[in-house]
**Student:** 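Here it is: the structure, laid out below.
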Number of protein chains: 2
Amino acid sequence: MNSKINTQQKILDAAQNLFAEAGFNDTSLRQITTKAEVNLASVNYHFGSKKELIQAVLQRYLQILMPRLDQEFDVLLAKTKPNHLPDVLAVFVKPLLELNNIQRKGTRTFLQLLGRGYTDVQGHLRWFINHHYGRTLDKFVLLVQQSCPHLPQSELFWRLHFALGSIVFTMASNDALAEIALADFDEAVDIEGVIHRLIPYLSAGIAAPVFNQTTVTPTRTVA
Amino acid sequence: MNSKINTQQKILDAAQNLFAEAGFNDTSLRQITTKAEVNLASVNYHFGSKKELIQAVLQRYLQILMPRLDQEFDVLLAKTKPNHLPDVLAVFVKPLLELNNIQRKGTRTFLQLLGRGYTDVQGHLRWFINHHYGRTLDKFVLLVQQSCPHLPQSELFWRLHFALGSIVFTMASNDALAEIALADFDEAVDIEGVIHRLIPYLSAGIAAPVFNQTTVTPTRTVA
DNA sequence: ACTTGTTTGAAATGTACGTTTGAATCACTG
DNA sequence: CAGTGATTCAAACGTACATTTCAAACAAGT
């Protein structure tokens, strides 16, 4: 009775960890089914295809995280005064860390998967998230706009993607970076530490003044 | 006489464009040799393996760019006073744009390749660049350290990788992002525009104050 | 023109992949 | 306990890949 449900879960659990470590393209169904101790054909039986398995792995987290974020955004949007940008970004922290309650190392795994999703399969995840959770994302963009009224829409667009880049790249490389940090600075860094390091960086970057004339140095020798 | 040299160049040219567009893993030698109009075996004959071809593609740019950067760093290091961070970052602009003289769309292609290199083949490019151009990178880190004396080494390490993430992710997704920007804001953005948009963002992010106590909102209800 | 070393060509090799198939096994119901 | 639908299993299928092979074509020196 629990065998069939167990198979799906075992596949999802094995897949998410392998995907997070090595990326989607570089993880084969054979690796997944071997690790999950299920038959190779069961992935196609239960999920249809590898692509749909990837979506299922991501959905397991997204369907928990996004509604949580949505309600947090609503709270901030209800306030009369615009929120400070660091407070807007800090909204992500609690819902993200709550993923650890769903699954051991849930936060870390999800963020790594997110990183893989954006870098491995170009465009697919971006479309998927926008399609399923566009409403929630719009609320976030609105909040950022309200905190940074000096930023034109197009500038904000680019900066939010710069920020997404920092997050996604950091998470995809998280293991490698944590390893270096440990070796070079004797500093053990968990995912929560990285998140809290990211916030000031992202806040300052996103809210930076628009025309930074110091971009071109005031050297008079330049042609 | 020019046939053999031409073959190598034709392979490199075809490979770099396909790699930049689709990534290293998702570009096959068959696609490359077809586009280059050379025989499939010639890649292995001239470069040994696909891996070595990837290195050759990257090296063609790096061996031009890195010495240029190195000398620019030396100029800034020679100054008696610490440089402002935006000036340090702006050092990249000229050498990067000079890649357009070497090759049409050279800057764009190289930056996309860099993005692919960091996201596709985890760790390899990081090792490769560190191994071949570690000296130059150290100069850059030193310059940033001098401009941001308030930042502990470990904080700087993370922030530089956050910055690398913004760059690499933006460049890997450059086509998709430019497309969205064009559709949503009627705004055509070339690679130079993106670079100049990045500098204020990166400057502010890297130099952000360290302990941002607003990171955690003053909610007393947290357990 | 013949020889020598380099480069190209077409074909084959072996491996890994995602997916499909059909029989065997299981869990449950009437 | 026979029957039925869902699940598992071993095996195979077809495709795509990087790489190798070896003969043919080529360039250059003597």
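Within every chain, numbering begins at 1; the chains are lettered A, B, ... in the order of the sequence lines, protein sequences first and strands thereafter.
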**Student:** OP1 or OP2 of dA6(D) versus the side-chain N and O atoms of His46(A): is any pair under 4.0 Å?
**Tutor:**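 For dA6(D), neither OP1 nor OP2 has a side-chain N or O of His46(A) closer than 4.0 Å.
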**Student:** For residues 193-202 of chain B, which residue pairs pass the salt bridge (Lys or Arg N to Asp or Glu O under 4.0 Å) check, not counting sequence neighbours?
**Tutor:**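 Passing the test, one end in residues 193-202 of chain B: Glu155(A)-Arg197(B), Glu187(B)-Arg197(B).
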**Student:** Output one letter per nucleotide in nucleotides 14-21 of chain D: B when a protein non-hydrogen atom lies under 4.0 Å from the base, S when only the sugar-phosphate is that close, - when neither is.
**Tutor:** ---BBBBB
**Student:** In whole Å, I'd like the distance from the NZ atom of Lys10(B) to the P atom of dT7(C).
**Tutor:** 14 Å
**Student:** List for me each residue that meets ring-ring contact (aromatic ring centres under 6.0 Å, His included) alongside Tyr61(B), sequence neighbours excluded, and say none if there are none.
**Tutor:** Phe110(B)
**Student:** What is the distance, to the nearest angstrom, from the CZ atom on Phe47(A) to the P atom on dA6(D)?
**Tutor:**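 The answer, rounded to whole Å, is 18 Å.
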**Student:** Would Arg60(B) and Gln9(B) count as having a side-chain donor-acceptor pair, cut-off 3.5 Å?
**Tutor:**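 The answer is yes; a qualifying pair exists.
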**Student:** Report the residues that fulfil ring-ring contact (aromatic ring centres under 6.0 Å, His included) with Phe157(A), sequence neighbours left out, ordered by chain and then residue number.
**Tutor:**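 Phe157(A): ring-ring contact (aromatic ring centres under 6.0 Å, His included) contacts with His161(A), Phe185(B).
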**Student:** Under the ring-ring contact (aromatic ring centres under 6.0 Å, His included) test, which residues partner Phe128(A), sequence neighbours left out?
**Tutor:** His132(A)
**Student:** Ile54(A) CD1 to dC17(C) C1': how many Å, rounded?
**Tutor:** 14 Å
**Student:** Is the shortest side-chain N/O distance from Thr7(A) to OP1 or OP2 of dT8(D) below 4.0 Å?
**Tutor:**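 Checking Thr7(A) against dT8(D): at least one side-chain N or O falls below 4.0 Å of OP1 or OP2.
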**Student:** The criterion is salt bridge (charged side-chain N to carboxylate O under 4.0 Å, His left out); which residues satisfy it with Glu52(B), sequence neighbours excluded?
**Tutor:**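 Checked Glu52(B) against salt bridge (charged side-chain N to carboxylate O under 4.0 Å, His left out); zero matches.
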